[in-house]
Amino acid sequence: MSQFRRIVVLTGAGISAESGLSTFRDGGGLWDNHRIDEVATPEAFDLNPDLVQRFYNQRRRAATKAQPNAAHLCLAQVEPQCEHWTLVSQNVDDLHQRAGSQHVLSMHGQLDQYLCVNCHKEGNITGELSTQDVCPHCHKVATLRPRIVWFGEMPLYLDDIMTNLMACDLFVAIGTSGTVYPAAGFVEIAKRNKAHTVMLNLDGTDNLLFDKTITGQASQIVPAYFYDELGFKR
């Protein structure tokens, strides 16, 4: 069994890429051929809610078709074996949950949830969102938006994440470059509190705060690390 008792795992786009999902934004500020300021800000939703809804409906359909890969399944398998386990996802898909992970802190929100901009109630999306939808709580029309953290908004669960980072003895970043804040600062917080820090990523990292870096496909290196190196049961 692993010598580590309090583990925090941070996952990024790289873990879902092998399931066919991508959150790639190119250097020109485009996201799936849309400018970021057209589809990923509160102002965009105010200006053109129909475009924003169509964009996220398309992403939600793609996420629904994708399936968890071996990396997602491994993390779900390890969770109940760990004394204290925190899984923080930067992704907005539900692949961790469908793989069996019970406690996921989706810091950038989730595609399958809505937020009402009028009453601030949240709920699950069973199909698609449109500007004709009525909020089931306040009964206002055209107030439901995807529960996604857009640019200019604060990531979710930061207090819980920070508490667990300060108490962990192992921090593992998977499929993320570790260069975009606030997630880029997580390794620094863990390191400051004496945690062992590991990067599992396709291209590695230039961040010298990681004690160990393993490169490769997430579906291969994540099971190898948790099962073979740390000794968790398959």
Side-chain angles (χ1 to χ4, degrees), residues 1-16 18-19 67-110 113 149 155-178 181-202 204-205 207-234:
M1 178 58 69
S2 168
Q3 71 271 32
F4 300 108
R5 294 292 177 262
R6 304 181 69 86
I7 299 176
V8 174
V9 174
L10 171 70
T11 62
I15 197 170
S16 294
E18 291 182 71
S19 294
Q67 296 299 318
N69 61 54
H72 296 103
L73 296 170
C74 170
L75 297 178
Q77 183 77 14
V78 169
E79 178 180 355
Q81 301 179 54
C82 187
E83 183 177 310
H84 194 279
W85 174 268
T86 304
L87 176 56
V88 182
S89 177
Q90 299 177 86
N91 301 327
V92 294
D93 58 66
D94 64 346
L95 292 177
H96 282 303
Q97 291 88 339
R98 285 197 277 138
S101 290
Q102 296 298 307
H103 304 288
V104 184
L105 299 179
S106 298
M107 61 182 293
H108 292 157
Q110 289 187 225
Q113 296 179 350
V149 176
L156 307 173
Y157 310 114
L158 283 182
D159 287 345
D160 288 342
I161 293 169
M162 296 305 166
T163 297
N164 285 289
L165 283 170
M166 289 188 290
C168 73
D169 55 10
L170 173 64
F171 172 74
V172 184
I174 302 171
T176 176
S177 63
Y181 283 87
F186 291 175
V187 62
E188 181 179 354
I189 296 168
K191 190 73 173 175
R192 189 187 308 142
N193 288 276
K194 313 296 185 188
H196 182 63
T197 56
V198 178
M199 165 71 77
L200 306 178
N201 195 34
L202 185 63
T205 180
N207 193 327
L208 299 179
L209 291 176
F210 284 96
D211 298 309
K212 184 171 188 172
T213 299
I214 302 173
T215 59
Q217 297 282 350
S219 61
Q220 299 176 11
I221 61 176
V222 171
Y225 180 70
F226 282 96
Y227 295 144
D228 302 334
E229 186 160 339
L230 295 189
F232 286 101
K233 296 179 182 178
R234 293 180 182 270

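Panel note: side chain Thr197, backbone Asp211; a donor-acceptor pair is recorded below 3.5 Å. Between the side chain of Gln110 and the backbone N or O of Asp94, no donor-acceptor pair lies under 3.5 Å. The closest donor-acceptor contact from the side chain of His108 to the backbone of Gln90 lies under 3.5 Å.
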Would you list the atom pairs, donor with acceptor, under 3.5 Å between side chains in residues 160-169 and any protein atom, with sequence neighbours excluded?
| from | atom 1 | to | atom 2 | distance (Å) |
| --- | --- | --- | --- | --- |
| Thr163 | OG1 | Asp159 | O | 3.0 |
| Asn164 | OD1 | Thr86 | OG1 | 3.1 |
| Asn164 | ND2 | Asp160 | O | 2.7 |
| Asp169 | OD1 | Arg5 | N | 3.3 |
| Asp169 | OD1 | Arg6 | N | 3.0 |
| Asp169 | OD2 | Arg5 | N | 2.9 |

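For the pair Leu73 and Tyr227, the tightest heavy-atom approach, listed with the atom from each and the gap, is O-OH, 4.4 Å. Taking all atoms of both residues into account, the shortest heavy-atom contact from Ser19 to Gln67 is OG-O, 2.7 Å. Of all the heavy atoms in Val104 and His96, the pair that sits closest is CG2-CB, 4.0 Å. Ala76 and Gly100 get closest at one heavy-atom pair: CB-C, 3.6 Å. The heavy-atom pair separating Gly109 from Val149 by the smallest distance is N-CG2, 4.1 Å. Considering all non-hydrogen atoms of both residues, Ile221 and Asn201 come closest at CD1-N, 3.7 Å.
Rounded to the nearest 0.5 angstrom, Ile174 CD1 and Ser16 OG are separated by 11.0 Å. Taking NE2 of His72 as the reference point, atom CD of Glu18 lies at 9.0 Å (rounded to 0.5 Å). Between the CD1 atom in Ile7 and the CG atom in Leu170 there is a gap of 5.0 Å [rounded to 0.5 Å].
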For the pair Leu10 and Met199, evaluate side-chain contact (heavy atoms from CB on, under 4.5 Å) and give the outcome as yes or no after the intermediate values.
CA-CA 10 Å; Leu10 171 70; Met199 165 71 77; over 6 Å; no

Could you go step by step and tell me if Lys212 and Glu229 meet the side-chain contact (heavy atoms from CB on, under 4.5 Å) rule?
CA-CA 12 Å; Lys212 184 171 188 172; Glu229 186 160 339; 2.3 Å; yes

Report the C-alpha separation of Val78 and Val9 in whole Å, then their side-chain angles, then the decisive distance to 0.1 Å, and conclude whether the side-chain contact (heavy atoms from CB on, under 4.5 Å) test is met.
CA-CA 11 Å; Val78 169; Val9 174; over 6 Å; no

Between Gln217 and Leu202, is the side-chain contact (heavy atoms from CB on, under 4.5 Å) condition met? List the steps.
CA-CA 6 Å; Gln217 297 282 350; Leu202 185 63; 4.1 Å; yes

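Considering only heavy atoms from C-beta on, Phe186 stays 4.5 Å or farther from Val8 through its side chain. Two residues are said to be in side-chain contact when any heavy atoms from C-beta on lie closer than 4.5 Å; Trp85 and Leu75 meet this criterion. Between Gln97 and Ser106, some side-chain heavy-atom pair lies under the 4.5 Å cut-off.
A donor-acceptor pair shorter than 3.5 Å cannot be found between the side chains of Asn69 and Ser219.
Remark: Glu79 pairs with no residue by the side chain to side chain donor-acceptor pair (under 3.5 Å) rule, at least two apart or across chains. Residues forming a side chain to side chain donor-acceptor pair (under 3.5 Å) with Gln77 (at least two apart in sequence, or on another chain): none.
Ring planes of Phe226 and Phe232: tilted class, angle from 30 to 60°.
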